Amino acid sequence: MLYLLPLMIERVGVLLIIAFVLSRMKSFRYIVHNEHGTAEKLLLIVVFGAFGVISNYTGVQIHNSSVFSQAWHADVETGSAIANTRIMGVVIGGLLGGPFVGTGVGLIAGLHRLSLGGYTAAACGVSTVLAGIITGLIGKRFRMIQGKHAAWQAALVGIGMECGQMGIILLVAEPWSSAWELVKLISVPMVVVNGFGILLFMLIIQSIYEEEERSRALLTHNALHIADQTLPYFRQGLNSDSCRAAAMIIWKGTSADAISITDEHQILAHVGAGADHHVPLNGISTQLTKQVLEEGTVHKASSREEIHCFDPHCPLQAAYVLPLKVHERTVGTLKLYFKQSSRLDQVEQELAEGLGKLFSNQLELAEAERQSRLLKDAEIKALQAQVHPHFLFNAFNTISVLCRTDSEKARKLLQQLSIFFRSNLQGARKMLIPLHKELEHVEAYLSLEQARFPGKYMVETDIDASLMDVLVPPFTLQPLVENAIRHAFSKGFARPQGVVSICAKVNGKNVLITTKDNGKGIALESMAVLGNEAVPSVEGTGTALCNITKRIEELYGSRGSIHIDSTLGQGTSVTITLPIHYGDRRGINVESIYRG
């Protein structure tokens, strides 16, 4: 028994060396880690069946309790048996591939053992097939390949199968006395060595899973890091400047030899090899890219001919071309080029596909932001449309009367009217304007209204001089002042003169802009919804306040707010809070580049 143990360990060592070599092969790692189809299962049967055959050939021959340690034997004498590590391949194959693989491996190893002969051939053949079926069922039921204790559990299953084989030898092999002597000699070495071999074999298999998980984690981290760096650029949409910056980041973050980004019609950016003829702002030059744009699916090119580049000296030999999509519509492509087709491995493909999806999501976010800006732009135009038609007619009537009585004042009012409408036009083209421009708009409006109703109200201003260049949303103050004049001092206003005060002051990192009147005030039931939704009213709906509130929320989020305070018979105060330093969105273009 003691002499047999080191011989068995040698046999296990041979199989473990083969297992280690296999674990370094991409094809074997792939079928181990991924879900098994028919082709993968057949390959597992061949691999682990081969383990069983090798174990049979390299087994230690036993004859009349004597151990013969020849390295290889093609048959077994009639009165002899062999001690081997056949059960290792059967157990691992069954646990890894399930009943189909376990049965297949058991049949190959068992029938081969039967063909070698010896008085234990039938017992060993039957026990091997049964071990394959049983371990396959165990593998399907308990999924023992993965888990913290999977290796030890597999070793226990292997020990159980080996013990079962000893029992079948005692039941089937003849003569029984020889079988008993054989079991006494080989049982402990075979149980110990096969259990130990299965444990080590499983650790090798588990290392494949762990390396794959680490690889995927690293891949995910790399993809998210690249996506985080490119986010500010892809949020600008597909243009040459943003795409060149993004392409440079992708090029540095991957092992690709060149990166190219296109829209539907032209190359927007190309960095790396081949930049001499893959020139930005030129038309799309490769047939492969046109195919991806048409089909909207990922394409892989493994040769220069598949890329279809027009330049015969192009160094790029392989590529992944991925569609960039916005709302299921292909708006461009991302291309990862390589100088050697051997670089097209599974890791690079998964990274490329992951980046393509992340960049498509970023472009969708960019488009959503553009649509939001379009909405805000439409709301600004809605504010413009709220200029009461009678305001224009009344302004013209007032000026026409003054042309006869005070021509100089009429001239000034015409200037103020031009300033008022010029402010309307300028405000519609920008998301933010300096505070002094908004005050000019208010002043122009007030000049025209005061000319119509001289002495009806007065306006007081208290503006911190340091805030004149602070950026504010257009059409913010003018609608508030107009509300005070049209509603606060309308029918039911008891005081001899209305007062409107406009105040702007610094409050920490914010600017507080307040308009206040001493008018009629607002009813409590209207206050609850004012600024959030339109209010049914003969005098006005509060749509202007709704639009102002929405634009402040969308532009500033929690950093901006609007607060309304009113008391019936005393007046209304509206305070707008905005961050002072907010100049990063000046002149935002609200046009969409993805119009369908």
Side-chain angles (χ1 to χ4, degrees), residues 376 379-380 382-384 386-387 419-420 423-424 426-428 430-447 449-450 457-489 498-519 521-522 527 530-532 540 542-567 570-586:
K376 296 189 198 85
E379 290 172 352
I380 291 174
L383 282 174
Q384 283 183 284
Q386 282 187 18
V387 177
I419 290 172
F420 178 81
S423 297
N424 276 18
Q426 290 176 344
K430 294 184 178 180
M431 300 302 295
L432 298 167
I433 61 172
L435 178 59
H436 68 83
K437 287 290 185 182
E438 182 68 5
L439 290 172
E440 285 180 6
H441 193 199
V442 172
E443 183 181 351
Y445 173 79
L446 289 172
S447 298
E449 284 296 299
Q450 286 177 320
Y457 59 88
M458 63 177 291
V459 178
E460 299 174 346
T461 59
D462 180 16
I463 309 296
D464 190 325
S466 65
L467 297 176
M468 284 299 186
D469 291 324
V470 168
L471 298 180
V472 299
F475 307 106
T476 302
L477 283 177
Q478 187 272 331
L480 298 180
V481 173
E482 183 177 350
N483 277 348
I485 292 172
R486 290 179 57 194
H487 306 307
F489 307 140
V499 177
V500 177
S501 63
I502 304 172
C503 174
K505 62 182 180 180
V506 177
N507 181 23
K509 295 182 179 181
N510 297 325
V511 55
L512 301 183
I513 303 174
T514 304
T515 61
K516 186 176 181 180
D517 64 67
N518 63 343
I522 302 171
M527 280 288 296
L530 197 60
N532 298 315
T543 306
L545 277 173
C546 287
N547 283 331
I548 293 171
T549 302
K550 284 183 181 179
R551 284 190 295 129
I552 288 174
E553 288 177 354
E554 290 169 349
L555 281 170
Y556 302 97
S558 61
R559 295 180 298 171
S561 64
I562 181 169
H563 177 71
I564 305 171
D565 187 21
S566 184
T567 304
Q570 297 184 23
T572 302
S573 172
V574 180
T575 300
I576 296 174
T577 302
L578 306 174
I580 291 178
H581 302 292
Y582 196 73
D584 57 331
R585 299 197 181 199
R586 189 192 303 264

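Note that the structure is a prediction, hence the values are computed from the model and not measured.
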Item to check | Spacing of CG belonging to L471 relative to CD1 belonging to I580, to within rounding of 0.5 Å | outcome: 11.5 Å
Item to check | Test item: M468 and L439 side chains (from C-beta on) under 4.5 Å apart, heavy atoms | outcome: yes
Checklist entry - Shortest non-hydrogen contact from S573 to T514? => result OG-CG2, 3.5 Å
Checklist entry - Can you check whether L435 reaches I463 side chain to side chain, under 4.5 Å on heavy atoms? => result yes
Checklist entry - What residues, two or more places apart in sequence or in another chain, satisfy side chain to side chain contact (heavy atoms under 4.5 Å, CB included) together with S561? => result T577
Checklist outcome for this item: Correct closest heavy-atom pair for Y556 and V472 would be OH-CA, 4.2 Å
Checklist entry - Judged by atom type as modelled, is there a donor-acceptor pair below 3.5 Å linking the side chain of D517 to the main-chain atoms of T572? => result yes
Checklist entry - Can you tell me how far the CD1 atom of I562 sits from the CG atom of L578, to the nearest 0.5 Å? => result 9.5 Å
Checklist entry - Which atoms form the tightest heavy-atom contact between S566 and I522, and what is the distance? => result OG-N, 2.8 Å
Checklist entry - Can you name the side chain to side chain contact (heavy atoms under 4.5 Å, CB included) partners of H563, sequence neighbours left out? => result D565
Next on the checklist: With heavy-atom distances below 4.5 Å as the criterion, would you say the side chains of P473 and L432 are in contact?
Outcome noted: yes
Checklist entry - Of all heavy-atom pairs between V506 and S466, which one has the smallest distance, and what is that distance? => result CG2-OG, 4.2 Å
Item to check | Minimum heavy-atom distance K505-D464, with the two atoms named | outcome: CA-CB, 4.3 Å
Checklist outcome for this item: Value for NZ (K437) from CG (L477), rounded to nearest 0.5 Å, stands at 15.0 Å
Item to check | Side-chain heavy-atom pair I548, L480 within 4.5 angstrom cut-off | outcome: yes
Next on the checklist: Quick check: closest heavy atoms across P474 and E438, and the distance to 0.1 Å?
Outcome noted: CA-OE1, 3.8 Å
